[in-house]
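Treat the numbers as computed from the prediction; the structure is a model and nothing was measured. Position 1 is the first residue of the sequence, and the numbers go up from there.
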Amino acid sequence: MKICHFADSHLGAGANHPRRGESGLTLRQEDIINSFIEAVDKIIKIKPDLCIHAGDLFDSTRPLNKVMAIAGEQLHRLAEINAIPTIIITGNHDAPKQPFKGAALDIYRQIDNLVVVSNGKLEVHIFDDVCIQAVPNCLTNEIFQQELGKSSPDLKSKYNIIMTHGVAAGMPEFAMAELGELEIPMDILNKFDYSALGHFHNYSKVAPRAYYCGSTERMSQSERTFEKGFIELDLDPFNVKFHEVKTRKMVDVQTINAAGKRGDQLATILQDKIESLGSSDK
């Protein structure tokens with residue numbers, strides 16, 4: 001049983017970048033979209049039995065129509081055109097912040113072979129031999145804990161997977177220092193054959209069979225040294241492989257001592273240092 005696991009695409013992020021591309025979106029928005037499309041391309045080539053997206057497809061609850069159209073086209077390619085069963089949950093960025101308000105993801109429920117879990121409660125879905133316990137972002141941590149507590153392996157299924165979005169409990173290194181972060185108890189993760197986690201942006205092993213796949217592009221300078229991509233998972237025998245996608249490099253300019261220098265002098269020094277990096281594509 002082969003599964004692909006990706007998350008934290010954050011489509012629409014980068015809106016504050018000063019330069020725009022031919023699409024009308026900013027260059028950073030285009031970067032983030034392009035890396036997501038490359039991940040979809042590679043997943044289609046792998047042709048897994050199941051594809052999991054563990055939350056934060058979008059960077060906000062109400063993304064631009066253009067961004068939603070691009071995301072819909074890619075999900076349609078993945079699930080319907082290429083017949084790869086796909087399940088996706090909301091994360092803390094793209095989940096509704098008020099009750100009775102729908103998620104942007106809901107518009108994709110019409111796509112064949114795609115399951116959208118966005119109602120703030122546990123949903124159980126069976127894909128052949130695999131039972132997926134999908135817990136999306138919830139309005140409060142209390143509700144989230146209640147929904148996680150309802151999850152349990154299905155004894156009739158050969159494989160059991162939990163997918164959710166939050167911080168692995170007791171591991172502050174996986175926190176993103178964001179409002180609305182939810183905590184995932186480790187004892188719940190240990191019940192399943194695999195735990196597909198979203199929220200932390202760097203590929204990481206949390207437990208023997210629990211992984212963050214990371215984001216598909218860099219969202220901050222703190223991620224500049226990490227590869228971005230998705231996980232290819234084999235359940236029997238158990239094996240995890242990380243696939244990298246192309247991302248724009250991030251570089252640091254050497255610190256400048258500004259003592260005794262005028263603003264125009266500093267601007268010249270900065271320009272020279274940046275040009276010496278060959279940074280047009282960074």
Side-chain angles (χ1 to χ4, degrees), residues 3 5-13 32 52-61 87-99 103 105 117-123 132-153 160-231 233 240 242:
I3 295 170
H5 164 206
F6 66 148
D8 293 284
S9 306
H10 286 276
L11 304 180
I32 290 163
I52 291 171
H53 191 291
D56 281 353
L57 176 69
F58 296 118
D59 193 56
S60 67
T61 57
I87 182 167
I88 185 169
I89 61 173
T90 48
N92 61 303
H93 274 257
D94 52 11
K97 301 302 185 283
Q98 297 177 8
L105 285 180
V117 181
S118 62
N119 292 325
K121 60 183 180 181
L122 168 71
E123 291 187 18
I132 300 286
Q133 310 266 332
V135 184
N137 185 265
C138 300
L139 287 173
T140 67
N141 191 58
E142 182 181 3
I143 296 172
F144 185 62
Q145 300 306 321
Q146 291 173 356
E147 295 304 311
L148 283 174
K150 296 175 184 177
S151 65
S152 62
N160 283 273
I161 292 175
I162 187 168
M163 60 181 297
T164 192
H165 193 95
V167 181
M171 297 185 176
E173 64 269 28
F174 295 130
M176 299 296 291
E178 296 175 343
L179 291 174
E181 286 187 327
L182 303 175
E183 191 170 87
I184 308 165
M186 292 299 294
D187 60 339
I188 289 177
L189 302 182
N190 293 330
K191 296 178 181 179
F192 294 88
D193 297 303
Y194 183 69
S195 298
L197 306 180
H199 184 58
F200 185 61
H201 288 179
N202 300 324
Y203 167 64
S204 302
K205 181 178 180 179
V206 177
R209 294 196 174 207
Y211 285 78
Y212 286 105
C213 58
S215 58
T216 47
E217 235 288 10
R218 297 182 178 91
M219 299 297 147
S220 71
Q221 281 282 353
S222 65
E223 301 170 35
R224 62 189 178 277
T225 60
F226 292 88
E227 296 177 347
K228 298 295 169 175
F230 64 93
I231 284 173
L233 165 74
V240 170
F242 182 77

K.L.:
Mind checking whether Ile161 and Ile3 have side chains closer than 4.5 Å, heavy atoms only?
P.N.:
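Contact flag for Ile161/Ile3 side chains = yes.
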
K.L.:
How long is the span from the CG atom in Leu122 to the OG atom in Ser152, to the nearest 0.5 Å?
P.N.:
8.5 Å

K.L.:
Looking only at heavy atoms, which two atoms of Ala7 and Gly198 are closest? And how far apart?
P.N.:
CB-CA, 4.1 Å

K.L.:
Is a side-chain donor or acceptor of Glu123 paired with a backbone partner of Ala134 at a separation under 3.5 angstrom?
P.N.:
no

K.L.:
With no hydrogens and no angle check, is any side-chain donor or acceptor of Gln133 less than 3.5 Å from a backbone partner on Asn160?
P.N.:
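The answer is no, because no donor-acceptor pair under 3.5 Å joins these two groups.
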
K.L.:
At what distance, to the nearest 0.5 angstrom, does CZ of Phe192 lie from CD1 of Ile132?
P.N.:
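It is 10.0 Å, given to the nearest 0.5 Å.
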
K.L.:
Closer than 3.5 angstrom, by distance alone: can the side chain of Arg224 be matched with the main-chain N or O of Arg218 as a donor-acceptor pair?
P.N.:
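No, the answer is negative, given that no donor and acceptor are paired below the 3.5 Å cut-off.
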
K.L.:
How about Ser9 and Thr216: do any of their side-chain heavy atoms sit closer than 4.5 Å?
P.N.:
yes

K.L.:
Ignoring hydrogens, what is the shortest heavy-atom contact between Cys138 and Leu182? Give both atom names and the distance.
P.N.:
N-CD1, 3.7 Å

K.L.:
Gln145 side chain to Glu183 main-chain N or O, any donor-acceptor pair under 3.5 Å?
P.N.:
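It does hold such a pair.
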
K.L.:
Nearest heavy-atom pair of Leu57 and Asp94: which atoms, and what distance?
P.N.:
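What the structure gives for the nearest pair is N-OD2, 2.8 Å.
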
K.L.:
Between Lys97 and Leu139, is the side chain to side chain contact (heavy atoms under 4.5 Å, CB included) condition met? List the steps.
P.N.:
CA-CA 7 Å; Lys97 301 302 185 283; Leu139 287 173; 5.8 Å; no

K.L.:
Is the shortest side-chain heavy-atom distance between Ile162 and Leu148 below 4.5 Å?
P.N.:
yes

K.L.:
Just by distance, no angles: are the side chains of Asn92 and His165 close enough, under 3.5 Å, to form a donor-acceptor pair?
P.N.:
yes

K.L.:
What closest approach, in Å, do Pro136 and Thr90 show between heavy atoms, and which atom pair accounts for it?
P.N.:
CB-OG1, 3.4 Å

K.L.:
Check the orientation of His5 and Tyr194. Use parallel for under 30°, tilted for 30 to 60°, and perpendicular for over 60°.
P.N.:
perpendicular

K.L.:
Consider ring-ring contact (aromatic ring centres under 6.0 Å, His included). Of Phe6, Tyr212, Tyr203, which one does Phe242 pass it with?
P.N.:
Tyr203

K.L.:
State, yes or no, whether a side-chain contact exists between Ser195 and Val206 at a heavy-atom distance under 4.5 Å.
P.N.:
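Not touching, per the 4.5 Å side-chain cut-off.
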
K.L.:
Within a radius of less than 6.0 Å around CD of Glu142, do more than 12 heavy atoms belonging to other residues, nucleotides or ligands occur?
P.N.:
no

K.L.:
Contact between Leu197 and Thr164 at the side-chain level, heavy atoms closer than 4.5 Å - yes or no?
P.N.:
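When only atoms from C-beta onward are counted, Thr164 and Leu197 do touch, with a gap below 4.5 Å.
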
K.L.:
Rounded to the nearest 0.5 Å, what's the gap from OG on Ser204 to CZ on Phe226? Could you check?
P.N.:
7.0 Å

K.L.:
Assess whether side chain to side chain contact (heavy atoms under 4.5 Å, CB included) is satisfied between His10 and His93, documenting all intermediate values.
P.N.:
CA-CA 8 Å; His10 286 276; His93 274 257; 3.5 Å; yes

K.L.:
Determine, stepwise, if the pair Asp59 / Ile32 fulfils side chain to side chain contact (heavy atoms under 4.5 Å, CB included).
P.N.:
CA-CA 10 Å; Asp59 193 56; Ile32 290 163; over 6 Å; no

K.L.:
If we only count heavy atoms from C-beta on, is the Lys150 to Lys121 side-chain gap below 4.5 Å?
P.N.:
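Not in contact.
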
K.L.:
Any heavy-atom pair between the side chains of Val135 and Ile89 that's under 4.5 Å?
P.N.:
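No. Closest side-chain heavy atoms not under 4.5 Å.
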
K.L.:
Looking at Asp8 and Gly214, would you say the former's side chain and the latter's main chain have a donor-acceptor pair under 3.5 Å?
P.N.:
no

K.L.:
Any chance the side chains of His201 and Ser220 put a donor and an acceptor closer than 3.5 Å?
P.N.:
no

K.L.:
Roughly how far apart are Leu105 CG and Phe58 CZ, rounded to 0.5 Å?
P.N.:
6.0 Å

K.L.:
Which heavy atom of Pro185 sits nearest to which heavy atom of Ala169, and what is that distance?
P.N.:
CA-CB, 3.9 Å

K.L.:
Looking only at heavy atoms, which two atoms of Met219 and Ala13 are closest? And how far apart?
P.N.:
SD-CB, 4.3 Å

